[in-house]
2 protein chains.
Amino acid sequence: MSIRHGLLALLDQGPRYGYQLRTEFEARTGATWPLNVGQVYTTLGRLERDGLVEAAGEDDEGHQFYAVTHEGRAELRRWFDTPVPRTNPPRDELAIKLAMAVTVPGVDVAAVVHGQRRHSMQALQDYTRLKGRALAADSGSGGDLAWLLVLEQLIFQTEAEIRWLDHCEARLAQHAERAATAAPSGPAAPTARRAVKSRDRGRTR
Amino acid sequence: MSIRHGLLALLDQGPRYGYQLRTEFEARTGATWPLNVGQVYTTLGRLERDGLVEAAGEDDEGHQFYAVTHEGRAELRRWFDTPVPRTNPPRDELAIKLAMAVTVPGVDVAAVVHGQRRHSMQALQDYTRLKGRALAADSGSGGDLAWLLVLEQLIFQTEAEIRWLDHCEARLAQHAERAATAAPSGPAAPTARRAVKSRDRGRTR
DNA sequence: CGAGCGCCACATACCCGGTATACATACTCG
DNA sequence: CGAGTATGTATACCGGGTATGTGGCGCTCG
C-alpha cells in the first residue's frame with residue numbers, strides 16, 4: 001500500500017498527471033526504488049476506482065490530470081496518523097534463507113553468511129558514498145531532505161544487517177561447540193528431525 | 001522469490017505434501033510470517049510448471065507428495081551461493097512515508113516520527129520477550145536455532161529503525177534551525193517546489 | 001450419542017506490486 | 001536528415017498476499 005499512499009500524498013500538493021508523479025516520486029526516493037511508470041497508471045486507476053482521486057481534465061497538451069477527492073484527503077490523513085505495523089513486518093528473504101540454511105543438512109552456512117556479509121558491506125559503502133555526494137551537492141540550505149533521510153534509512157538497515165550476520169556467526173560457532181562437547185564422538189541426532197506435529201510455538205496475537 | 005526457494009529447501013530434505021510444508025515453514029519463521037496455506041499450493045504448482053519439482057505419488061491417505069528434481073537442486077544451490085541483492089532492497093513503507101511527510105506541507109512530521117517510535121518500541125519489546133521465552137524453552141542443546149535467528153533479525157532491524165527515527169528527529173530540528181537563521185523573518189521559500197525538470201540525481205549502476 | 005467445534009488438507013478467486021513492452025510524439029545532436 | 005533520447009500513456013503478465021470455500025476426521029460436552 002505504500003505506492004498508493006505515496007501518490008496520494010504527491011497529489012495532495014495539487015493536480016498532477018501520470019508521468020509527473022513518477023518524476024516527483026523518484027526525486028524523493030531516488031535511485032533506490034526506481035518506480036516503473038506503468039505502476040503509476042494502474043495505481044491511479046485503482047485510486048480513481050476507490051474514489052480517492054478523480055480526473056481533473058486535460059491541459060492543452062493532452063495530459064490527463066488527477067486530483068485528490070475529499071475522501072482521498074481523509075485517507076491520507078489516516079495514513080500519516082497511524083504508524084506502519086511492525087508486528088508482522090514484510091518477509092525478509094535473507095532471514096528466510098538463513099533459517100533454511102541452518103535447517104537443511106548439507107549447506108555451508110558459514111559460507112552463506114560470509115558471502116552475504118561481503119555483499120552487504122559493498123552496499124553500505126555505496127550508500128555512504130551517495131550520502132556524501134548528497135551532502136556536498138546540498139551544501140546550502142537543506143534542499144533534498146527526503147532523499148537524505150531515505151539514504152540514511154538504508155544505511156541504518158544495512159548496518160543492522162551486517163551486525164546481525166556477525167551475531168549469527170558467533171551463535172553458530174557457539175552452537176557447534178556445544179554440540180561437540182555434548183556428544184564428543186558422533187552426535188546423537190545432528191539434525192534431529194522434529195516430528196511434524198511440533199507446531200504451535202506461542203503465537204503473537 | 002523467497003517462498004519459492006524456501007519450499008524448495010524444505011523439499012530438499014525429502015518428499016513432502018502441501019500442508020506439511022506450511023507446518024515446517026512456520027516452525028522456522030514462526031509467528032512473524034505466518035504462511036497462508038493457499039500460497040503453498042499455488043507455489044508448488046509454479047515450481048512443478050518450471051520443472052524444479054515433480055509429483056511423487058500419494059500415500060494411503062491421499063496426500064499428494066512432491067519431490068525436488070535435479071534442476072530444482074541446482075536452483076537451490078544457486079540460491080544459497082549468491083547473496084540476496086541489497087542494492088535495490090524492497091520498498092520500505094516507513095521510509096516512503098517520512099519522505100512524503102517532509103515534502104508535502106501541512107503534515108506534522110514530528111508527530112509521525114513519535115507515533116511510529118512508540119509503536120516500534122512496543123514491537124521491540126514483544127520480540128525481546130519472545131526471545132526470552134525461546135531461550136528458556138530451549139535450555140538444552142539448540143533445538144530451534146532457526147527461529148532464534150529470525151527473532152534476532154527482527155530485533156536488530158527494529159533497533160535500527162528506532163535509531164533511525166531518533167536520527168530523523170535530530171535532523172529535522174537542525175533543519176528547522178538552519179531555516180530560521182537563514183531567513184529570520186519569513187523563510188524565502190519554505191517548501192521550495194522544485195521544477196519538475198529536476199530529475200536525474202546520480203543513479204547507482 | 002450426536003451436534004458442534006476445531007484441526008487437517010486442498011483449492012480457488014481476487015487484489016496489489018513489479019516488470020516488460022508496445023506505441024506515439026518531440027527534441028537534439030552528429 | 002536520421003538516430004537516439006526524453007516525454008508520455010497504456011496494457012499484459014507474473015509472483016506474492018489474503019480471504020474464502022469445501023470436505024473429512026476426531027474430540028468434547030451437553
Side-chain angles (χ1 to χ4, degrees), chain A residues 1-8 16-27 29 32-50 52-53 55 57-66 75 79 85 88-93 96 195-200 203, chain B residues 1-8 16-27 29 32-50 52-53 55 58-66 75 79 84-85 88-93 96 195-200 203:
Chain A
M1 312 304 281
S2 52
I3 292 185
R4 188 182 166 92
H5 288 107
L7 294 186
L8 211 51
R16 298 279 193 277
Y17 58 90
Y19 200 87
Q20 201 177 359
L21 288 171
R22 185 195 103 124
T23 309
E24 297 199 14
F25 188 93
E26 289 209 353
T29 65
T32 59
W33 300 309
L35 181 56
N36 191 295
V37 206
Q39 194 96 24
V40 176
Y41 296 102
T42 54
T43 306
L44 278 175
R46 288 192 273 260
L47 284 171
E48 189 177 17
R49 179 200 57 191
D50 299 341
L52 305 182
V53 135
E58 314 186 352
D59 67 357
D60 35 343
E61 269 132 24
H63 295 149
Q64 180 53 58
F65 279 74
Y66 288 90
E75 172 62 26
W79 186 54
N88 66 316
R91 275 175 231 286
D92 181 81
E93 179 162 0
I96 290 178
V196 176
K197 292 291 172 192
S198 78
R199 48 199 323 286
D200 77 7
R203 318 248 124 169
Chain B
M1 310 304 281
S2 52
I3 292 184
R4 189 182 164 91
H5 288 107
L7 294 186
L8 212 51
R16 299 280 194 277
Y17 59 90
Y19 201 86
Q20 202 177 0
L21 288 171
R22 186 195 103 123
T23 309
E24 298 198 13
F25 188 93
E26 289 209 354
T29 64
T32 58
W33 300 309
L35 181 57
N36 191 296
V37 206
Q39 193 97 25
V40 176
Y41 297 103
T42 52
T43 305
L44 277 175
R46 288 192 274 261
L47 284 170
E48 190 177 16
R49 180 199 59 190
D50 299 343
L52 306 182
V53 136
E58 314 186 354
D59 66 358
D60 34 343
E61 269 132 24
H63 294 148
Q64 179 53 57
F65 279 74
Y66 288 89
E75 173 61 27
W79 187 53
V84 340
N88 64 317
R91 274 175 233 284
D92 181 81
E93 179 162 0
I96 290 178
V196 176
K197 293 291 172 192
S198 81
R199 50 198 322 285
D200 79 2
R203 322 246 121 173

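The model shown is predicted, which means the values in this text are computed figures rather than measured ones. Every chain is numbered from 1, with letters handed out A, B, ... down the list of sequences.
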Taking the inter-plane angle between the rings of A:His63 and A:Tyr17 on a 0 to 90° scale, is it parallel (under 30°), tilted (30 to 60°) or perpendicular (over 60°)?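 Taking A:Tyr17 first and then A:His63, their aromatic rings lie parallel (interplane angle under 30°).
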
Rounding to a whole Å, what distance do you find between [X]:[atom1] and [N]:[atom2]?
| X | N | atom1 | atom2 | result |
| --- | --- | --- | --- | --- |
| A:Leu7 | C:dG18 | CG | P | 11 Å |
| B:Gln20 | C:dC7 | CD | C1' | 16 Å |
| B:Glu48 | C:dC10 | CD | P | 14 Å |
| A:His63 | C:dA24 | NE2 | P | 17 Å |

Can you find a side chain N or O atom of [X] that sits less than 4.0 Å from OP1 or OP2 on [N]?
| X | N | value |
| --- | --- | --- |
| B:Arg49 | D:dC14 | no |
| B:Tyr19 | C:dC10 | no |
| A:Arg16 | D:dG8 | no |
| A:Tyr41 | D:dA10 | no |
| A:Arg46 | C:dC15 | no |
| A:Tyr17 | D:dT9 | no |

Mind listing the N/O atom pairs, protein and nucleotides 17-21 of chain D, below 3.5 Å?
residue, atom, partner, partner atom, Å
D:dG17, OP1, A:Arg91, NE, 3.0
D:dG17, OP2, A:Arg91, NE, 3.1
D:dG17, N7, B:Gln39, OE1, 3.1
D:dA19, N7, B:Asn36, ND2, 3.2

Quick one: does [X]'s side chain have a donor or acceptor within less than 3.5 Å of a partner on [Y]'s backbone?
| X | Y | answer |
| --- | --- | --- |
| B:Glu26 | B:Leu35 | yes |
| B:Asn36 | B:Gly38 | yes |
| A:Trp33 | B:Pro89 | yes |

Do A:Arg22 and A:Tyr19 form a cation-pi contact, if we require the NZ or CZ to be under 6.0 Å from the six-membered ring centre and within 45 degrees of the ring's axis? yes

Which residue, A:Tyr66 or B:Thr43, contacts DNA chain D at a nucleotide closer to its 5' end, judged by nearest heavy atom? A:Tyr66

